[in-house]
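Working notes, beginning with the structure itself.
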Amino acid sequence: KFAVRKSKTKLLDIGINVGPTGSLNPYAVLLPVDVNGVMVKRATLHNEDYINTKDLRIGDQVIVERAGDVIPKVVDSVVEERNGSEIPFKFPSVCPSCLYKVVRLEGESTVICLNVSCPARLERSIEHFVSKVAMDIQGMGPRIVRILIENNLINNLPDIFQLKINDLIILDGMGQKKAENLVKAINDSKTRPFSNFLVALGIPYLGIESAAILANHFAYMENLVKGTHDELLSLPSIGDKIAQSIIDYFANESNLGTVNALNELGVGIG
DNA sequence: CATACTTCTACGCGCCTATA
DNA sequence: TATAGGCGCGTAGAAGTATG
């Protein structure tokens with residue numbers, strides 16, 4: 001097995017993932033290639049500017065590298081090998097999931113879908129909600145999340161806590177044992193620390209570290225909701241971006257409704 | 001018991017934000 | 001403007017469970 005750090009392959013296509021907060025994240029679909037012992041068929045492209053700056057075109061031969069032998073990335077296109085059939089990539093103007101017009105805010109590199117009812121956003125926000133750093137609901141990975149949504153068992157975050165064993169047991173590949181384990185995991189997650197609950201909400205720029213600082217200062221959701229921009233800014237490692245992001249989140253009626261509904265189900269209190 | 005399928009975990013670099 | 005550090009990215013392999 002050769003130790004190849006960089007490899008050349010063909011950029012077959014550029015796809016778009018919709019993130020939990022509606023961001024449109026581009027990724028490269030590659031002709032599978034061995035990069036230092038690993039077959040790589042996909043690599044992140046970060047954002048619209050990254051594609052434009054590198055002038056990556058669909059059909060290009062591209063250099064793929066695994067940074068630290070872990071995460072693959074497209075580092076360059078091989079311009080000399082173009083034959084004229086390569087197609088420049090136009091970043092989508094509508095969300096690939098809900099077809100709503102997307103926006104790119106001044107000074108931001110991220111293009112986002114603002115439709116709060118976007119199906120892709122719902123799916124990704126639930127995946128994030130149940131993930132390890134957030135509510136840590138074991139046995140509820142992306143696949144199960146999709147099945148639950150497809151079967152109309154989940155239409156929003158609070159719905160997760162209404163799931164019953166009998167709802168789950170009828171699903172494909174879900175038996176008594178899995179259903180029991182999932183319901184138990186969901187119930188256990190109700191007592192996750194405030195910081196993890198905050199992360200679970202999916203507030204842009206708010207990760208576990210910043211959330212821990214907020215949780216430490218405010219202790220309860222009702223205090224945080226009342227927190228002013230200045231108070232947030234006074235906290236270590238909370239700058240204008242994160243502060244504004246938090247203010248924006250709690251200024252949104254729909255978000256407040258979600259938080260209240262969760263609290264009433266015994267989720268994320270204390 | 002064998003097979004199929006899903007989830008979980010580790011990995012470490014570099015974009016982006018916070019801060020001086 | 002420069003430096004520090006949080007955060008998320010894609011893949012393989014292990015661990016676990018469902019099903020026949």
Expressed as a whole number of angstroms, how long is the span from [X]:[atom1] to [N]:[atom2]?
X        : N      : atom1 : atom2 : answer
A:Lys73  : B:dC16 : NZ    : P     : 11 Å
A:Gln244 : B:dT17 : CD    : C1'   : 15 Å
A:Asn25  : C:dC7  : CG    : C1'   : 13 Å

Inset, instruction - With rounding to the nearest 0.5 Å, note down the distance linking NZ in A:Lys190 to CZ in A:Phe197. - result: 12.0 Å

Legend entry - Nearest-nucleotide 5' precedence on DNA chain C, A:Thr44 against A:Leu171: A:Thr44

Inset, instruction - Between A:Asn181 and A:Asn17, just flag the one whose closest nucleotide in DNA chain C comes earlier from the 5' side. - result: A:Asn17

Legend entry - Residue whose closest nucleotide on DNA chain B lies nearer the 5' end, A:Thr110 versus A:Gly141: A:Gly141

Inset, instruction - Name the residue closer to the 5' end of DNA chain B, choosing between A:Met140 and A:Ile242 according to the nucleotide with the nearest heavy atom. - result: A:Met140

Legend entry - More than 12 heavy atoms from other groups under 6.0 Å of CZ on A:Arg146: no

Of all the choices, [options], which nucleotide is nearest to the side chain of [X] once you look at every atom?
X        : options               : value
A:Arg143 : C:dT11, B:dT7, B:dT9  : B:dT7
A:Ser237 : C:dC7, B:dT7, B:dA18  : B:dA18
A:Lys132 : C:dA18, B:dT9, B:dT17 : B:dT9

Legend entry - Single-linkage hydrophobic cluster, 4.5 Å side-chain cutoff, A:Met221 and A:Leu256 together: yes

Inset, instruction - Please answer: with hydrophobic residues joined when any side-chain heavy atoms are less than 4.5 Å apart, are A:Leu201 and A:Val116 in the same cluster? - result: no

Inset, instruction - Have a look at A:Tyr50 and say if it touches a base, only the backbone sugar-phosphate, or nothing, with a 4.0 Å heavy-atom cut-off. - result: nothing

